[in-house]
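Report on the following structure.
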There are 2 protein chains.
Amino acid sequence: MRYSHKREAIQEIVYGTNSHPTADWVFQKAKVKIPNISLGTVYRNLKQLDDAQLINTIYDGNIARYDWNREPHDHLKCKICGDLIDVQLFDDQIRKTVKKLYKFEPDDVVMTIIGTCHKHNK
Amino acid sequence: MRYSHKREAIQEIVYGTNSHPTADWVFQKAKVKIPNISLGTVYRNLKQLDDAQLINTIYDGNIARYDWNREPHDHLKCKICGDLIDVQLFDDQIRKTVKKLYKFEPDDVVMTIIGTCHKHNK
DNA sequence: ATCATAAATAGTAATAATTCCTATTATTGT
DNA sequence: ACAATAATAGGAATTATTACTATTTATGAT
């Protein structure tokens with residue numbers, strides 16, 4: 001993967017937020033620094049960064065979001081404010097269970113817990 | 001929700017498979033029985049059935065699939081054959097953990113384990 | 001430093017999944 | 001049977017994403 005100024009900028013944008021941004025959000029941010037950048041470039045580079053394991057792609061419903069956090073982790077999705085919160089749960093037991101019970105070789109556990117986050121406590 | 005012949009057919013199709021079909025798959029099946037049914041009708045009815053808790057919508061990557069199984073359950077997604085397999089894991093501990101640790105009120109745990117299913121054992 | 005090669009890009013067209021719109025049709029309570 | 005209105009077909013519109021192509025740019029070799 002050859003160096004590119006734009007890919008670097010895109011990576012910096014993803015690394016600079018905890019908001020699990022969409023491609024379009026990244027595109028809007030990138031345009032501020034590089035006015036003539038195109039959305040296709042953003043998509044292509046996000047894919048390349050994902051392929052290179054520099055970022056992660058997560059699916060929130062039917063829309064892709066990007067995450068700099070490559071440690072295995074899960075997400076809490078608040079149904080009120082839409083926030084996606086990183087959490088570290090214990091997937092190890094789950095991996096063992098599916099391996100034993102279903103003869104399934106797990107690579108990756110993708111877990112999202114939908115509910116109400118602490119901001120909306122009555 | 002008023003009775004409709006087409007909604008009934010759509011529900012029967014979803015209830016008649018374990019393949020977690022897409023809207024288009026349901027549409028193709030429905031056309032056999034009801035040649036003049038339209039894709040919009042399929043989408044509208046799948047949404048209504050979901051709203052009425054008669055089916056569940058699950059997201060496989062960025063595509064919606066529909067599931068008659070409304071018991072809380074998880075999915076194993078085989079990266080080789082693409083199969084989505086229903087499994088019953090133990091979400092209770094997870095629910096307790098996020099409640100206590102993150103003050104998050106969980107409604108629903110959506111978990112997909114990506115890996116290799118038993119069909120591809122060497 | 002120049003140059004050649006191929007990767008990266010802009011801009012736009014194309015695609016895929018899904019939703020929206022409107023005139024017509026069908027269900028249902030009276 | 002009829003009126004009210006939900007459901008529908010068919011197609012247009014929208015949204016997210018990918019593909020295409022001529023041009024630009026990074027980079028390794030001269």
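Labels below follow one simple rule: chain letters A, B, ... track the order of the sequence lines, proteins then strands, and each chain is numbered from 1.
Nucleotide dT24(D) holds its P atom 17 Å from the NE2 atom of His5(A), rounded to whole Å. Computed from coordinates, the Phe27(B) CZ to dT19(C) C1' distance equals 15 Å when rounded to whole Å. Going from atom NZ of Lys47(A) over to atom P of dT9(C) covers 15 Å, rounded to whole Å. Atom pair Asp50(A):CG and dT17(D):C1' shows a separation of 15 Å (rounding to whole Å applied). Atom-to-atom, CG of Leu49(A) to C1' of dA7(C) comes out at 15 Å; the value is rounded to the nearest Å. Ile34(B) has its CD1 atom 16 Å from the C1' atom of dG10(D), to the nearest Å. One interatomic measurement links the two molecules: OH of Tyr43(B) to C1' of dT15(D), which rounds to 12 Å at whole-angstrom precision. Rounded to an integer number of Å, the gap from Lys6(A) NZ to dA7(C) C1' is 13 Å.
Checked against dT18(C), dT17(D), dA7(D), the side chain of Ala23(A) finds its nearest nucleotide in dT17(D). Distance from the side chain of Arg44(A) is smallest to dT9(C) among dT9(C), dT27(C), dA9(D). Of all nucleotides listed (dA7(D), dT18(C), dT8(D)), dA7(D) comes nearest to the side chain of Arg7(B).
When the options Asn56(A), Asp86(A), Asn69(A) are evaluated for a side-chain hydrogen bond (donor to acceptor under 3.5 Å, both in side chains) with His20(A), the one that passes is Asp86(A).
With respect to the salt-bridge test (charged N to carboxylate O, under 4.0 angstrom), the residues Asp83(B) and Lys119(B) qualify.
Counting only heavy atoms from C-beta outward, the side chains of Thr57(A) and Leu46(A) never approach each other to under 4.5 Å.
The backbone N or O of Thr17(A) sits less than 3.5 Å from a side-chain atom of Trp68(A), completing a donor-acceptor pair.
Positionally, the nearest nucleotide of DNA chain C for Tyr3(A) lies more toward the 5' end than for the other of Tyr3(A) and Ser4(B).
Side chain to side chain, Asp60(B) and His75(B) fail the donor-acceptor criterion of an N or O pair below 3.5 Å.
Side-chain N/O atoms of Asn36(B) include none lying less than 4.0 angstrom from OP1 or OP2 on dT25(C). Phosphate proximity of dA16(C) to Asn62(A): absent, as no side-chain N or O sits under 4.0 Å from OP1 or OP2. Applying the 4.0 Å criterion to OP1 and OP2 of dA8(C), one finds that Gln48(A) has a side-chain N or O inside that range. At dT9(C), none of the side-chain N or O atoms of Thr41(A) fall inside 4.0 Å of OP1 or OP2 (strictly under the cut-off).
Across all strands shown, Asp24(A) has no heavy atoms under 4.0 Å from either base or sugar-phosphate atoms. Residue contacts shown for Ile37(A) are limited to sugar-phosphate atoms, with no base heavy atom under 4.0 Å away.
For dA8(C), the base has no donor-acceptor partner in the side chain of Arg2(A) [N/O atoms by modelled type, under 3.5 angstrom].
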